[in-house]
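Only this structure's heavy atoms are used, side chains among them; waters, hydrogens and symmetry mates stay out. A quick note: this is a predicted structure, and the numbers were derived from the prediction, not measured. First listed ligand is number 1; within each ligand, the first listed atom is number 1.
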Amino acid sequence: MTRSTQWWQDAIFYQVYPRSFSDSNGDGVGDLAGITERLGYLELLGVDALWLSPVTVSPMADHGYDVADPRDIDPLFGTVGDLDALISEAHSRDIRVTMDLVPNHTSNQHPWFRAALAAAPGSPERARYIFRDGRGPDGAEPPNNWPSVFGGPAWHRVTEADGTPGQWYLHLFAPEQPDLNWENDEVFADLAKTLRFWLDRGVDGFRIDVAHGMAKPAGLPDMDITHNELLINDDDDLRFNNPGVHAIHRRIRSVMDEYPGRVTVGEVWVRDNERFAEYVRPDELHLGFNFRLAEAHWDASDIQEAVDNSLLAVESVGGVATWTLSNHDVEREVTRYGTEAGASREVGLRRARAMILVELALPGTVFLYNGSELGLPNVDLPDDALQDPVWERSGHTERGRDGCRVPIPWEGSAPPYGFSTTPDTWLPMPDDWADLTAEAELEDLDSTLTLYREAIELRKTRPEFAGAAIEWYGAPPECLAFRRVGGRLSCVLNASAEPVALPGGEVLLSSAPLIDGKLPADAAAWLA
Ligand code: NOJ
């Protein structure tokens, strides 16, 4: 651990979705000991840090994003001792470990929320959450018209101790995830305790869930609702990005600053660049997720715009750009690119391989989602396997996010592919993944895993990757080409249907074999 305190500025983070990574105890759900057993693989891949999606105590209404005790590990995943072991083993391999932190809401099973339900309206217990009387003569209408992100209203009416219908509480996500009242100082005091609890155990930082949430507008006014789909994020959505959020981030940062070398990255769904930049001012978050690249279509100008926008978003505050092609909330890139007009899964994989070269050529911090290095597609799950609360809450109109959360195939030719010892994995695994296991891909020089390993190795070792700026240069139609201003690495992407000539220079790596020296369609190359 000798690198700089700002190690995260060009780091490659690997997001582990713990339920789906590796199951050490045969219950069909991944766990911490499973992750520790696989650290050798992650070291071989070459990542600098892990981001663990929530492993704290949770009834799992939203798979851990409903936290009932933020300072203990859920038995499903192991113990605090298992996390200690993971951290120390990871550190000995020079891999840092960051955890998810969920400050916007708790579980409805959190002792605070249970106490709030047992207490009377107006009590200090209720003041930790956002309880309001309903509208209408009997208070039978919700306090405002906000929808929950997962569908249905954002308010749930409680039954008071005397059995009568009572107040309503706010839940921007599932009813099992009541929103905390960030105007109550107890809430920050408790979060500070949580931050220190894990930082003292050696955690290297936090991914902050809904980092543009927490603060709510005064008076909780009605909003103009035009649509309310998951991951459609409007800057004029009153539920998020209220100016009061920045004071909260400054308080979080003041705790983080007591621990040099630790990092925060916020989930910030804010489109306007000036408002996005506010989150990564020097006294707020270290990093903010920018999702433009994950949203870009397979189109050279769309991708170029996403890159420019992400760089521009942090420029005014001297922040570090972040790059994400996928995570546990979005469709996997192989499927995204493979379902655009005229494409197929095979084409989707070619494009995903090309995009990892674009992503890893860029200056800033990269976030990889587990399984992307194997080229995993989304899985079409049967209705009765679906577990995402979105499926029920939307009245079975949105299938939710389970398709990108299917367990990782490690070895062998049939489910559960070494993920677990039981075939009864928490989400069923497809029968046709034998070629996509880590074992199969480690041995295959043309595999996606090999491409990732080579690309990460080059990015870490070659001087061409120096410098914080890029410049675009002329490229054929439906292609893009940029250069790192410092080290002069060139990256060329061919999103057209025909092979294109490459500029002069040594080809360091390409996502598909060149054809007579030309870059084929749906491919990218790096040149020195
Ligand atoms: C964002 C997380 O990434 C997502 O998985 C979760 O459902 C919501 N926040 C609510 O915590």
- Kindly assign one of parallel, tilted or perpendicular to the pair Tyr17 and His328, based on the angle between their ring planes and the thresholds 30° and 60°. parallel

- Query: Aromatic rings His156 and Tyr169: how do their planes relate, parallel, tilted or perpendicular, breaks at 30° and 60°?
  - Reply: tilted

- May I have the step-by-step check of ring pair (Phe, Tyr, Trp, His ring centres under 6.0 Å) for His171 and Trp146, ending in yes or no? CA-CA 10 Å; His171 58 89; Trp146 293 3; over 10 Å; no

- Item | Summary of salt bridge (Lys or Arg N to Asp or Glu O under 4.0 Å) pairs that have at least one residue in residues 278-292, sequence neighbours excluded | Arg250-Glu284, Arg281-Glu284

- Taking only heavy atoms of the protein into account, state which residues are under 4.0 angstrom from an atom of ligand 1, in chain and number order. Asp62, Tyr65, His105, Phe150, Phe173, Gln177, Arg207, Asp209, Val210, Glu267, His328, Asp329, Arg401, Arg405

- Note on the structure: Residue set satisfying salt bridge (Lys or Arg N to Asp or Glu O under 4.0 Å) with Glu141, at least two apart, ordered chain then number -> none

- Task: Among residues two or more places apart or on two chains, list those pairs meeting ring pair (Phe, Tyr, Trp, His ring centres under 6.0 Å) that have a residue in residues 177-199.
- Result: none

